[in-house]
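Fair warning: this is a prediction, and the values are worked out from it, not measured in the lab. Residue indices begin at 1 and follow the sequence shown.
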Amino acid sequence: MRARDVCAIAFWLTSSLVVLAGVFLVFDSVIAAAALTGAYNAWLLTRPRMRRVFRRLRGETVDFSGYYLD
């Protein structure tokens, strides 16, 4: 696993905890905190960088053959 991948996963986990705690402190609602954290995770984990990280964790190779379309 690359060091960049470890940093990306650490950022994901740390920022998710910060969002969870921050929303809970502001709204004092577990449901709102869970919903907004879930939405944040859905947004973050669908970014191309995180998709590549999890693809590498599964052992898939990154194929750039269709990267440039003529």
Got a sec: does the CG of L25 have more than 12 other heavy atoms crowding it under 6.0 Å? yes
Which residues end up grouped with Y40 if you chain together Ile, Leu, Val, Met, Phe, Trp and Tyr wherever their side-chain heavy atoms are less than 4.5 Å apart? M1, V6, I9, F11, W12, L13, V19, V23, V26, F27, L36, W43, L44, L45, M50, V53, F54, L57
Please identify each residue that fulfils ring-ring contact (aromatic ring centres under 6.0 Å, His included) with F24, with sequence neighbours left out. none
So CZ of R51 and CD of E60: to nearest 0.5 Å the spacing works out to 10.5 Å
Would you mind listing every salt bridge (charged side-chain N to carboxylate O under 4.0 Å, His left out) that reaches into residues 9-33, with sequence neighbours excluded? none
Got a sec, which residues hit salt bridge (charged side-chain N to carboxylate O under 4.0 Å, His left out) with R2, two or more places apart in sequence or on another chain? none
With sequence neighbours excluded, what pairs up with R49 under the salt bridge (charged side-chain N to carboxylate O under 4.0 Å, His left out) test? D5
Side chain to side chain donor-acceptor pair (under 3.5 Å) filter on S16, not counting sequence neighbours, yields N41
